[in-house]
Amino acid sequence: MSSQPEHPVYLPAGHVRQAGGKRIPLPVVGVCLLFGMLIMGSWLGNVPRAHDLRFHLSVLDQVREAMGRGDFYPRWLGDFNQGYGEPTLVFYPPLFYLAGGLLAQLPGISTLDALVILLFFLSVLGAGGIYRLAAAAGGRLAGLIALGVFLVIPFRSFELDAAGLFPAYAAGCLLPWALHSLWRLCSANQAPPAERRSRILWCSGWLAMIVLCNLPYALLTFYLTAAAVAVLSLFHRKLFYFSLLFQAWATAILLAAFFLLPAVLEWKDVTVPFTGRFIFADNFIFAGSSSWMSPELKGIFARMLLLPLLVTVVGAGGIWKHWRSSKSTAGTAEWAVLLLTIALLAAFLTIPWSTFLWQRLPFVIHVNLPWRFLDPLGCAAAALAGVAASAGLTGNGSARWRWVTGFVLGILGVLLLLASLSALRMNGFETRSSLLRELPRIRQMDGDYLPRNARRPVSGDPLPPIQVVAGEAAGQILHWWGSQREMMIRARTSARLRFRSLWYEGWQAEWSSDGRAQPLTAMAGMNGLLEIVVPAGEGRLRIYFGTTPLRTAAGLASLAAWLFWVILLLGPGFRRRAAKGKQQTKPDSIESTNFRIAGP
């Protein structure tokens, strides 16, 4: 009897296949939907009092409102900072909010409903990704077990129900797909060029979506994948893997350029809280007396680290045991090396011993919160546990070993579930109606990206929407929206107007009078407020937050990258289908050959 597992965990380069075919089986899709329902069950009635819920809800509500007026990428959110606004989506990755804003355009869907629906679909997507990641290595049973473990990873519950880090949660739902595509990419060293290109494109697509969901998560993903590929390169003594990873990340950066380039290059133009400070030092797990955490919270974080780490170690041990009993790695080595490196490095970066890395790795200081690395730790732990448990339950071991595997899996599952429930109940719940009633007020909360040299407005500031600071003018406001304002102005002389809005690069003004339109200059005035000089006469003044040469160039580069991405990814498939169609319509050889029947 062959010692190979029923579902090969690894196939030679150029021949990697998915367990169960290219598509996730329909019953598994049902399981993924059930997964999403279980994850979001706590949001069906009263909603968890998540720490950042109000911030993300206020961003999403302003995006919904802007989309309803035809602005499908509103970089300026005008209600933040007591109604003075800020360029939030110049610096905050937009994908999560744009998707939620589109959902909120559906009839009868409130902003809170759109948030819950979006989180549900993201949870289903994450479930499908963790199934695919584990099933590609250990078969369907491994995928289903990994899915179950992923359900009760405690940090996922903390991230969603206690902290309210929704964009980071979205990136965590994309991570299994990115890791699966990375593994396939690392298996492409002998694949045909077209197949290798396809795997680079798929990997870059998932990485780009992570960048567009949460920038700190993308940064930690970069370092974790680079470390995993470095270990794999040492394992095989080849630098080929670094070339593939570089191509994937370079393509991902181009795909996300419309957001990423302005965010990076304009960072100097805003004041961001906590920037440049060693915030990470107070957020390590096991930080001791230097931590701001209460003893109870320290215990919760310790469990969120130690339990997935225990699952990782047990999973790796189970895979090693399977290797010894089968006397063959069957290719699991590469898959296990990638995930085990990611899990162990992620765990290490959450504790004070990793301070030297936080101080030296470029940009990692901006992640601020070391416990963010608990998310990729949980993802890798679930996949390793799924493959190990599947091998233990269905392999060639004794019946006693199967009982031991099932018992250990059950104990770990119960411990993870209890830790998840404690994170879920951390902040309690609140009613939907009270949250929605509070929404107009929380939309005016302080933002994170105050334009540099601007004074942060204070609550109750008496400044009117428009103030004449020089000259003589009067007028009427026609509409005052977040990133668009329009008014009729009657100016006896040239007049300088000051608006209840902070100035930032991108504000533009247009003056229409007697059927002619002319651009006006929007400038920064006292305390960084927006000011415009209008000419004498009566006319319509329209001001709006538009683009800049940098944002336009970045957008065009990103658009070109996405077009090439689609063409290069789908082009070979179209050509194969066209060639197949020609073969099917080719005339039968007996009809296209001249012949004659010989007589008797």
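The figures here come from the full heavy-atom set of this structure, side chains too, leaving out hydrogens, waters and symmetry mates.
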Looking at Arg452, I'd like to know if its CZ atom is crowded, meaning that more than 12 non-hydrogen atoms belonging to other residues, nucleotides or ligands lie closer than 6.0 Å. yes
Would you call Glu472 and Val468 a side-chain contact if the rule is heavy atoms closer than 4.5 Å? no
Under 3.5 Å side-chain donor-acceptor pair for Thr88 and Glu86: yes
Taking the six-membered ring where the residue is Trp, are the ring centres of Tyr169 and Phe166 under 6.0 Å apart? no
With a 4.5 Å limit on heavy-atom distance, are the side chains of Leu260 and Ile253 in contact? yes
Here's one to test your reading of the geometry: is the NZ or CZ of Arg443 within 45 degrees of the ring axis of Phe80 and under 6.0 Å from its centre? no
If you define the side chain from C-beta out and look only at heavy atoms, does anything of Leu207 sit under 4.5 Å from Thr221? yes
CG of Leu182 to CD1 of Ile342, rounded to nearest 0.5 Å, is 6.5 Å
With a 6.0 Å cut-off (strictly less than), is the heavy-atom count around CZ of Phe246, excluding the residue itself, greater than 12? no
Which pairs, with at least one residue in residues 90-118 and sequence neighbours excluded, count as a side chain to side chain donor-acceptor pair (under 3.5 Å)? His56-Tyr97, Asp61-Thr111, Arg64-Thr111, Ser110-Asp113, Asp113-Arg432
Considering residues, nucleotides and ligands other than Asn453, do more than 12 of their heavy atoms fall under 6.0 Å from its CG? no
Measuring from atom CG of Asp375 to atom SG of Cys173, what distance do you get when rounded to the nearest 0.5 angstrom? 8.0 Å
More than 12 heavy atoms of other residues, nucleotides or ligands under 6.0 Å from CZ of Phe121: is that the case? no
When the ring centroid of Trp76 is compared with that of Phe91, is the distance short of 6.0 Å? no
So does Trp202 have more than 12 non-hydrogen atoms from other groups sitting under 6.0 Å from CH2? no
Could you check whether Trp481 and Asp71, counting side-chain N and O atoms only, form a donor-acceptor pair closer than 3.5 Å? no
Taking side chain as C-beta onward, heavy atoms only, is Leu255 less than 4.5 Å from Phe564? no
How long is the straight-line distance from CG of Leu497 back to CD of Glu531, given to the nearest 0.5 Å? 9.0 Å
Ring of Tyr544, cation from Arg542 - is the NZ or CZ under 6.0 Å from the centre and inside 45° of the axis? yes
Distance col, row Ser58:OG vs Ile442:CD1, nearest 0.5 angstrom, shows 5.5 Å
So OH of Tyr504 and CG of Leu530: to nearest 0.5 Å the spacing works out to 14.5 Å
Rounded to the nearest 0.5 Å, what's the gap from CZ on Arg372 to CD on Glu159? Could you check? 8.0 Å
Who passes side chain to side chain donor-acceptor pair (under 3.5 Å) against Arg540, sequence neighbours left out? Glu486
For a 4.5 angstrom cut-off between non-hydrogen side-chain atoms, does Thr548 reach Thr552? no
